[in-house]
Asker: 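Before anything else, here's the structure in question.
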Amino acid sequence: MPEQSPIHRCDGMMKRHEKNLALFGGRPVRETMLPYGRQSIQKEDIDAVSDVLSSDWLTTGPKVTEFERIFAKTVQAKEAVAVCNGTAALHTAMFALGIKPGDEVIVPAMTFAASANCVVYLGGKPVFCDVDPETLLIDAEKIQEKISPRTKAIIAVDYAGQPCDYDRISEIAEKHHLPIVDDACHALGGTYKNRPVGSLGLLNTFSFHPVKTITTGEGGMITTDDATLAGRMRLFRNHGITSDHQQREEQGSWFYEMVDLGFNYRLTDIQCALGMSQVKRLPGWISRRQEIARQYNVAFTRIPGIKPLHVRPEVSHAYHLYVIRLDPSLLKEHDRAFIFKALRAEGLGINVHYIPVHLHPFYRTHFGTRPGLCPVAESAYENIISLPMFPRMTDNDVTDVITAVDKVTRSCL
Ligand SMILES: *Cc1c(COP(=O)(O)O)cnc(C)c1O
């Protein structure tokens, strides 16, 4: 893949602007690195965790049920099942749907590998679908072409925090009797037509990794309105065993049965206490993310050569990521690699989300995927950059990002 190209100046001749770049020894915009995402931990979080540490239950206790209840209420779903990370949430969702060898599941190409890996864990085949060029969300019109008699589900990913076009996806899914799984790891706190993310798919999965909207260190959740699926998922996260430790304690019984092959995917009470404390601050954090995005949007209309992704009017964007696209008609070949290194040198901990999943060696080797399969995702990958975006960023941090982006892109024009 072309990412590893050597540092390349935009022009053979060193321009006046270029000499100021930190990459070439100029003064950086920031002395300290601003990460692209970061957790917010306050005293109340620490207190909540330390209370659990001195309680009777460190895992499989009352905090798990409480966190599940609060989380379900937050996203207006009937059930929430806590698991140990977002990848386990996806695996658990695929198990609940009964995915088995030979089954196909449609997955967008522009996502984190875990969105597809969960299908492979159960012997299924992820069928990669291209994305919309404006939003980089799964292209509803292209889902249709990917459906075969073996298709068992559609995984929609709310990339960057923008909910997918669920009305259109549901139309197609209903026509073919397919369930929708929303990989909502980016989009906690977002809405689609005023309906909260977490209530949009039959199953909806979340991650509580520190870069995500709320954190439990590691953690995950699946939400659904379907009690039967929730039951299957509670079984799966606990070895496939019919009762958990707390239930046996309450019933004064030692008896249990393992009825299916599950895993130990449990989330601890320590983590659930942290999650409960975090989720209380969700609305404020989403407003702050949206405010930062607004400042970026305004500033970037004045900077030629870059463009934020399109946001559709019917959504409230959760802004896990703020992604800009470099305009290939203004910025020449190799410029993303150059701009990436130059922005890092200015002190921005920027990132690229994502290398299209079907281009990873694992998928090329085992599923025969190759470049050309999802051309929109592939060409987007060449010119996207994720800028710093997290609630605790100060207005000065935001200004630094804008200054650095302006400085670096102008040196390339
Ligand atoms: C973070 C993420 C995951 C995986 O979550 P983990 O908690 O890191 O396992 C899955 N899908 C998407 C889209 C993600 O961003």
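Order of appearance sets the numbers: ligands from 1, and atoms from 1 within every ligand.
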Asker: Short N/O distance, under 3.5 Å, between H186 and ligand 1?
Answerer: yes
Asker: Without hydrogens or angle criteria, can the side chains of T399 and N396 be said to hold a donor-acceptor pair below 3.5 Å?
Answerer: no
Asker: Does any N or O in the side chain of D327 come within less than 3.5 Å of the main-chain N or O of I306, such that one atom is a donor and the other an acceptor?
Answerer: no
Asker: Below a 4.0 angstrom heavy-atom separation, can you tell me which part of L90, side chain or backbone, both or neither, approaches ligand 1?
Answerer: side chain
Asker: At the 4.0 Å heavy-atom cut-off, does K212 count as touching ligand 1?
Answerer: yes
Asker: Any atoms of ligand 1 less than 4.0 Å from a non-hydrogen atom of N85? List them with their elements.
Answerer: 7 (O), 9 (O)
Asker: Please list, in number order, the atoms of ligand 1 under 4.0 Å from a heavy atom of Y354.
Answerer: 15 (O)
Asker: Examine distances only and state if a side-chain atom of D47 and a backbone atom of V49 form a donor-acceptor pair shorter than 3.5 Å.
Answerer: no
Asker: What are the atoms of ligand 1, with element, lying closer than 4.0 Å to any heavy atom of T111?
Answerer: 13 (C)
Asker: State whether a side-chain donor-acceptor pair under 3.5 Å links E68 with T65.
Answerer: no
Asker: With under 30° as parallel and over 60° as perpendicular, where do the rings of Y36 and H320 fit, or are they tilted in between?
Answerer: perpendicular
Asker: Is ligand 1 under 4.0 Å from a heavy atom in the side chain of D183, in the backbone, in both, or in neither?
Answerer: side chain
Asker: Would you please classify the geometry between the F208 ring and the F67 ring as parallel, tilted or perpendicular, with 30° and 60° separating the classes?
Answerer: tilted
Asker: For atom 8 (O) of ligand 1, find the nearest protein heavy atom and state the residue, atom name and distance (0.1 Å precision).
Answerer: S207 OG, 4.0 Å
Asker: Identify the protein heavy atom lying closest to atom 9 (O) of ligand 1, giving its residue, its atom name and the separation to 0.1 Å.
Answerer: T87 OG1, 2.5 Å
